[in-house]
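A short write-up of the structure that comes next.
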Amino acid sequence: MSLAASRIDPTAQVASGARLGTGVEIGPFCTVGPDVTLGDDVRLHSHVVVAGHTTLGAGTAVFPFAVLGMPPQSVHYKGEPSRLILGANCVVREHVTMNIGTAGGHMETRVGDNGFFMAASHVAHDCVVGNNVVFANNATLAGHVAIGDNVFLGGLSAVHQFARVGEGAIVGGMCGVRHDLIPYGAMVEGRPGIGGLNIIGLKRRGVPRPSIHALRAAYRELFYGGGTLADRTERVATDFADDSHVMRLIDFVRSAGKRRLMVPHDVDNGGEADAG
């Protein structure tokens with residue numbers, strides 16, 4: 001798409017190699033680099049920087065002083081041509097930062113569709129973020145973090161590098177997520193572990209009542225039952241094999257990452273568990 005077919009403020013700096021879709025709007029004092037792709041109807045309000053090998057999906061809106069696609073904040077980055085891919089219909093508010101990947105990770109930072117990133121939230125290098133997420137003000141991801149679909153991160157929360165937050169989970173304001181938080185889990189301020197299930201979120205997304213009951217029963221068995229975590233996981237997988245929501249939880253536990261699994265704060269082990 002030619003630059004002339006888009007609405008570009010005369011104070012904006014758009015490199016000649018940038019690829020612009022139909023209906024793109026670039027406001028005052030924005031900077032768009034030569035390796036950037038802006039999908040149809042993307043809007044950069046003003047004072048936005050989009051750099052590096054960065055793609056913004058159709059309909060995404062970026063507000064003033066956001067910086068997308070700059071090099072990662074990593075001493076291991078050596079200038080490799082890594083990428084940032086941001087999905088469609090995202091809202092990126094003021095002072096949000098998202099970095100490209102590294103050779104030590106996926107060479108890519110990827111963010112899904114329909115995300116709402118409030119002011120000063122941060123997505124670090126090599127993160128994978130799902131669809132329909134909400135990051136409240138100053139929510140921060142370290143490098144190599146995986147965030148599932150429909151996750152809510154509260155204001156001033158932070159997720160440790162390589163940690164995973166499962167789909168449908170909610171993290172309260174000012175929480176530090178040191179280890180993997182299960183799908184549909186809830187973490188509350190001032191507690192080192194899981195505070196229960198995100199029942200309100202499940203109801204809002206229309207999860208059937210029988211599945212919510214099954215998740216509650218699976219949660220109790222998984223964290224309060226007898227035997228090792230591996231034993232409990234297999235019992236839950238057998239007992240609830242027909243429930244897709246429970247099986248997503250089980251798949252998450254089975255696919256253990258580099259961090260330990262977070263457990264309920266009233267389980268007497270400091271809020272975390274080994275997979276065995």
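A pairwise comparison of heavy atoms in Met107 and Asp126 identifies N-OD1, 3.5 Å as the closest pair. Residue Ala124 comes nearest to Gly143 through the heavy atom pair CB-N, 3.6 Å, listed as atom of the first residue, atom of the second, then distance. Across all non-hydrogen atoms, the minimal contact from Gly112 to Asn131 is CA-OD1, 3.3 Å. Of all non-hydrogen atoms in Ala163 and Val177, the two that sit nearest each other are CB-O, 4.3 Å. Residues Cys175 and Val171 come closest through the heavy atom pair CB-CG1, 3.7 Å. Taking all atoms of both residues into account, the shortest heavy-atom contact from Ile194 to Met262 is CD1-O, 3.2 Å.
In this structure Arg254 satisfies the salt bridge (Lys or Arg N to Asp or Glu O under 4.0 Å) test together with Glu234, sequence neighbours excluded. Here Glu94 pairs with nothing under the salt bridge (Lys or Arg N to Asp or Glu O under 4.0 Å) rule; sequence neighbours left out. Residues passing the ring pair (Phe, Tyr, Trp, His ring centres under 6.0 Å) test with Phe252, sequence neighbours excluded: none. For the salt bridge (Lys or Arg N to Asp or Glu O under 4.0 Å) test, residues two or more places apart in sequence or in another chain that qualify with Arg110 are Glu108. Qualifying salt bridge (Lys or Arg N to Asp or Glu O under 4.0 Å) partners for Glu189, counting only residues two or more places apart in sequence or in other chains: none.
Each of Arg216, Arg235, Arg232 was compared with Glu221 under the salt bridge (Lys or Arg N to Asp or Glu O under 4.0 Å) criterion, and only Arg235 meets it.
Residue Tyr184 is grouped with residue Val253 when hydrophobic side chains (ILVMFWY) are merged at heavy-atom distances under 4.5 angstrom, including chains of intermediate members. In this structure, Val188 is not a member of the same hydrophobic cluster as Val165, with clusters built from ILVMFWY side-chain heavy atoms closer than 4.5 Å. Residues Ile8 and Leu68 share a hydrophobic cluster, clusters being chains of Ile/Leu/Val/Met/Phe/Trp/Tyr side chains in contact below 4.5 Å. No path of Ile, Leu, Val, Met, Phe, Trp and Tyr side chains, each step under 4.5 Å between heavy atoms, connects Leu38 with Ile85, placing them in separate hydrophobic clusters. Hydrophobic clustering, with ILVMFWY side chains joined whenever heavy atoms are under 4.5 angstrom apart, keeps Ile100 apart from Val67.
Counting only residues at least two apart or in different chains, side chain to side chain donor-acceptor pair (under 3.5 Å) contacts with residues 29-40 comprise Arg19-Thr37. Pairs passing the ring-ring contact (aromatic ring centres under 6.0 Å, His included) check and including a residue from residues 205-240, sequence neighbours excluded, read Tyr219-Phe223. Pairs of residues two or more places apart, or lying in two chains, that qualify as ring-ring contact (aromatic ring centres under 6.0 Å, His included) and include a residue from residues 74-95 are Phe65-His95.
When hydrophobic side chains of Ile, Leu, Val, Met, Phe, Trp and Tyr are connected at separations under 4.5 Å, Met174 ends up clustered with Leu156. When hydrophobic side chains of Ile, Leu, Val, Met, Phe, Trp and Tyr are connected at separations under 4.5 Å, Val134 ends up clustered with Phe63, Val91, Phe116, Met118, Phe152, Ile170.
Sparse packing is recorded around CD of Gln13, with 12 or fewer heavy atoms of other residues, nucleotides or ligands lying under 6.0 Å away.
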(Q) I'd like to know whether Leu222 forms a side chain to side chain contact (heavy atoms under 4.5 Å, CB included) with Thr233, so could you lay out the CA-CA distance, the side-chain angles of the two residues, the decisive distance to 0.1 Å, and finally the verdict. (A) CA-CA 6 Å; Leu222 188 63; Thr233 299; 3.5 Å; yes

Q) Can Val236 and Leu249 be said to form a side chain to side chain contact (heavy atoms under 4.5 Å, CB included), step by step? A) CA-CA 10 Å; Val236 170; Leu249 189 158; 5.9 Å; no

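In this model, a donor atom of one side chain and an acceptor atom of the other lie less than 3.5 Å apart for His122 and Thr97.
By the 30° and 60° cut-offs, the orientation of the rings of Phe162 relative to His144 is parallel.
Contact annotation: the side chain of Arg164 approaches that of Ser255 to within less than 4.5 Å [non-hydrogen atoms, C-beta and beyond]. Using a 4.5 Å heavy-atom cutoff, the side chains of Thr102 and Glu80 are in contact. Contact annotation: the side chain of Val263 never approaches that of Leu229 to less than 4.5 Å [non-hydrogen atoms, C-beta and beyond].
A distance of 12.0 Å separates CE of Met70 from CG of Leu84, quoted to the nearest 0.5 Å. Here the CG-CZ distance, from Asp243 to Arg248, works out to 8.5 Å after rounding to the nearest 0.5 Å. Taking CD from Glu167 and CD1 from Ile147, the interatomic distance works out to 12.5 Å, rounded to the nearest 0.5 Å. Atom CG of Leu153 sits about 4.5 Å away from atom OG of Ser157, to the nearest 0.5 Å. With rounding to the nearest 0.5 angstrom, the CE atom of Met187 is 9.5 Å from the NE2 atom of His179.
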List, one per line, each side-chain donor-acceptor pair under 3.5 Å for residues 195-209, sequence neighbours excluded.
{"unit_1": "Asn198", "atom_1": "OD1", "unit_2": "Gly201", "atom_2": "N", "d": "3.1"}
{"unit_1": "Asn198", "atom_1": "ND2", "unit_2": "Gly168", "atom_2": "O", "d": "3.0"}

Distance-only check: which donor-acceptor pairs under 3.5 Å involve side-chain atoms of residues 43-60, not counting sequence neighbours?
{"unit_1": "Thr54", "atom_1": "OG1", "unit_2": "Ala51", "atom_2": "O", "d": "2.5"}
{"unit_1": "Thr60", "atom_1": "OG1", "unit_2": "Gly57", "atom_2": "O", "d": "3.2"}
{"unit_1": "Thr60", "atom_1": "OG1", "unit_2": "Gly87", "atom_2": "O", "d": "2.8"}
{"unit_1": "Thr60", "atom_1": "OG1", "unit_2": "Asn89", "atom_2": "N", "d": "3.4"}
{"unit_1": "Thr60", "atom_1": "OG1", "unit_2": "Cys90", "atom_2": "N", "d": "3.1"}

